[in-house]
Structures are given as C-alpha cells and as structure tokens.
Amino acid sequence: MKVEQISEHIWSLKTWMLIPVHIWVVKDERGITLVDAGIPLMAKGILKTVQDLNAGSLARIVLTHGHSDHTGAINKVRQTSSIPVYAHSIEIPYLEGKLAYPRRKKATVTVVPGLTQPLPSSNQNQLSPIGGLKPYLTPGHSPGHVVYYHEKDQVLLAGDLFTSKNGTLKKPMPMFTANMEEALQSAEIVSQLNPKRLEVCHGNCVLNPGEQIEDYRKSN
C-alpha cells in the first residue's frame, strides 16, 4: 500500500483492486479520522499509518458511502479499538442490508447492523463538522453519498462522486452509480467550494477542479 501526504493534515492511502482504491487519514488536534475503509487487505496499512504519524489515536471512521470497497477494513481496524463509524442517515439502511441499493437486485450487508451512526447535524438539519472536515450530502452514486471538505487545506475528499483520469474529472462509474443525473447535479459542490485539490477513490487527484466544471458539464 502506498502512503502519501497530500496536504498539511491529510494522507492518501492507496492500493489496487483491478483499479486504484484510495482512502484518507486526516489528523487534527483531537486525533485521527479515517475517511472510508477501503478493502480488507488495507487494514494493516491503515493501523501502521496511524501509528507512524504519532498524532494521536484513531478517533473515528467516516464513510462517503456504504459500498463494499469503502467499508472492507472496518472490522479489522476496530479489533484494536471500538471507534465509532459514521455515515449519512440516508445511507445507513442500504449499508446495513435493510434496503437494496438502487439498480441492484438484492440488499447486501456491508457494515454490521447497529454499528454505523448518523453523521451529526445541526438543528437546521445541516451536517456538522467532524474531525476537521465538513460533510456535504452529494447523492447520486448512492442515495446517501457524502463528500468531506477540509477547509484549511482546501482539499475535497470526494469518494465516488467522480472518477478521474490524468488529472481530469470524469463521471462516476455508471454500472455502480444509482442515479447518474443526480450525481451530475451533486458535482456542482465543486463550484460551491472551489477546492484547490480534489481526491477520488478510483483515480488520481485533480488540481483546481473548479476550472474543469464547465467542461465536465458539457462532456456529460
């Protein structure tokens, strides 16, 4: 597994499963947050990275969504510490296997029922900051897909909202995306936040992605 520091507070952890799989470790003064948990074989590397950073213990796991390539290492990582796992409340019935993801024939459990907590929200039903990150609901790839923005580092951890190729924004993978039209609408979060760097699970980073949104709209 390749570990790369991509900003002051964020590290990218990468492995391959026919295609690249990226997850992220984010540090702040209260400990470390893991954004997505990849596939099972990443667990050992996740724990080693947390230890090597010497920036406190792993405090939580936050999920962009509940597909199996984003939740695979949860059980092994939590064997050493019963840290909380968070996802959007809309997503939880799908990852617990109570509902089948749209366009899939049957429901599948990717996280043990009862383990995942809803991301905290304010009285106005706005998602609250967590672990130095601000979550935003960006449905389409899955019903409760979330991206996480690190405002200080100006990095957007976009999960499967996009893929990328050679630094260019691309659509999420159609065969795994519940509602492509909704996903394309959610892509406007890039114009809203205008990050300096955008990270995707499957692909490489995209610098100054706001400069590409107009072309992205036209290409889709």
Side-chain angles (χ1 to χ4, degrees), residues 17-24 34-40 61-74 85-119 121 125-127 130 133-149 156-165 168-193 195 198-204 206 209 212-213 215-220:
M17 183 186 67
L18 299 178
I19 56 175
V21 176
H22 291 262
I23 59 177
W24 304 275
L34 177 64
V35 181
D36 285 341
I39 57 178
I61 300 171
V62 298
L63 301 175
T64 60
H65 62 297
H67 290 168
S68 60
D69 56 333
H70 296 255
T71 61
I74 287 176
V85 180
Y86 296 93
H88 198 282
S89 58
I90 294 173
E91 191 78 2
I92 292 175
Y94 296 94
L95 60 83
E96 290 187 341
K98 295 175 182 175
L99 294 174
Y101 277 106
R103 301 184 60 208
R104 298 196 180 184
K105 293 182 178 179
K106 61 181 182 179
T108 304
V109 176
T110 58
V111 183
V112 176
L115 178 62
T116 310
Q117 304 177 34
L119 284 163
S121 60
N125 205 30
Q126 296 290 316
L127 294 175
I130 185 169
L133 300 162
K134 180 68 172 73
Y136 293 87
L137 178 62
T138 50
H141 181 71
S142 73
H145 188 284
V146 171
V147 298
Y148 296 91
Y149 185 51
L156 182 63
L157 305 179
D160 283 358
L161 179 58
F162 305 95
T163 57
S164 68
K165 185 176 181 179
T168 301
L169 289 176
K170 299 292 183 181
K171 290 192 299 185
M173 290 182 281
M175 68 181 297
F176 299 114
T177 297
N179 186 324
M180 186 60 75
E181 182 177 351
E182 195 172 40
L184 297 178
Q185 293 171 354
S186 289
E188 295 301 320
I189 191 68
V190 172
S191 298
Q192 177 184 336
L193 298 175
L198 182 146
E199 290 274 317
V200 297
C201 178
H202 307 298
N204 51 359
V206 178
Q212 298 187 27
I213 283 296
D215 289 339
Y216 180 80
R217 294 190 195 107
K218 293 175 181 177
S219 67
N220 295 300

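Model, not experiment: these values are computed from the prediction.
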As an exercise, state the distance from CD1 of Ile189 to OG1 of Thr138, rounded to the nearest 0.5 Å. 7.5 Å
To the nearest 0.5 Å, atom CZ of Arg217 lies from atom CG of Leu184 at 11.0 Å
Nearest 0.5 Å, please: how far is OG1 in Thr168 from NZ in Lys165? 9.5 Å
Verify, without hydrogens or angle tests, whether Asp36 (side chain) and Trp24 (backbone) share a donor-acceptor contact under 3.5 angstrom. no
Side-chain contact test, heavy atoms from C-beta onward, threshold under 4.5 Å: evaluate it for Val147 versus Thr64 and give yes or no. no
So, does Glu91 use its side chain to make a donor-acceptor pair with the main chain of Gly66 at under 3.5 Å? yes
Glu199 (side chain) donor-acceptor with Ala158 (main chain) under 3.5 angstrom: no
Compare all side-chain heavy atoms of Ile92 with those of Lys98 and state whether any distance is below 4.5 angstrom. no
Trace of the side-chain contact (heavy atoms from CB on, under 4.5 Å) decision for Leu119 with Ser89: CA-CA 7 Å; Leu119 284 163; Ser89 58; over 6 Å; no
Side-chain contact, heavy-atom cut-off 4.5 Å: Tyr149 with Leu133? no
For the rings on His67 and His141, is their centre-to-centre separation under 6.0 Å? yes
Specify the closest pair of heavy atoms between Pro195 and Val190, including all atoms of both residues, with the distance to one decimal. CD-O, 3.7 Å
If you measure from CG on Leu156 to OH on Tyr148, what distance do you get to the nearest 0.5 Å? 11.5 Å
Under a 4.5 Å cut-off applied to non-hydrogen side-chain atoms, are Val206 and Gln212 in contact? yes
Side chain Lys134, main chain Leu127, donor-acceptor under 3.5 Å: yes
Got a donor-acceptor contact below 3.5 angstrom from the Tyr94 side chain to the Gly144 backbone? no
Would the Phe176 and Tyr101 ring centres measure less than 6.0 Å apart? no
Hey, are the side chains of Val21 and Cys201 touching, using non-hydrogen atoms and a 4.5 Å cut-off? yes
His22 and His202: aromatic ring centres closer than 6.0 Å? no
Measuring only between side-chain heavy atoms, which start at C-beta, is His88 closer than 4.5 Å to Leu137? yes
Within the side chain of Ser164, is there an N or O that forms a donor-acceptor pair under 3.5 Å with the backbone of Leu169? no
Atom of His65, atom of Ser142 and distance for their closest heavy-atom approach: CB-OG, 3.3 Å
Please report the shortest heavy-atom distance between Val146 and Pro135, naming the atom on each side. CG1-CB, 3.7 Å
I would like to know whether Ile74 and Leu115 meet side-chain contact (heavy atoms from CB on, under 4.5 Å); could you show each step before the answer? CA-CA 10 Å; Ile74 287 176; Leu115 178 62; 4.0 Å; yes
Distance from Leu161 atom CG to Tyr136 atom OH, nearest 0.5 Å? 13.5 Å
Closest non-hydrogen atom pair between Pro143 and Pro102, with its separation: CG-CD, 3.8 Å
Under a 3.5 Å distance rule, please check whether Thr163 uses its side chain to pair with a backbone N or O of Lys171 as donor and acceptor. yes
CD (Gln192) with more than 12 external heavy atoms under 6.0 Å: yes
Does the side chain of Val200 come within less than 4.5 Å of Asp160's, by heavy atoms? no
From Leu95 atom CG to Thr71 atom OG1, the distance as rounded to the nearest 0.5 Å: 7.5 Å
Are any non-hydrogen side-chain atoms of Leu63 and Val35 less than 4.5 angstrom apart? no
Between Ser186 (side chain) and Pro139 (backbone), is there a donor-acceptor pair under 3.5 Å? yes
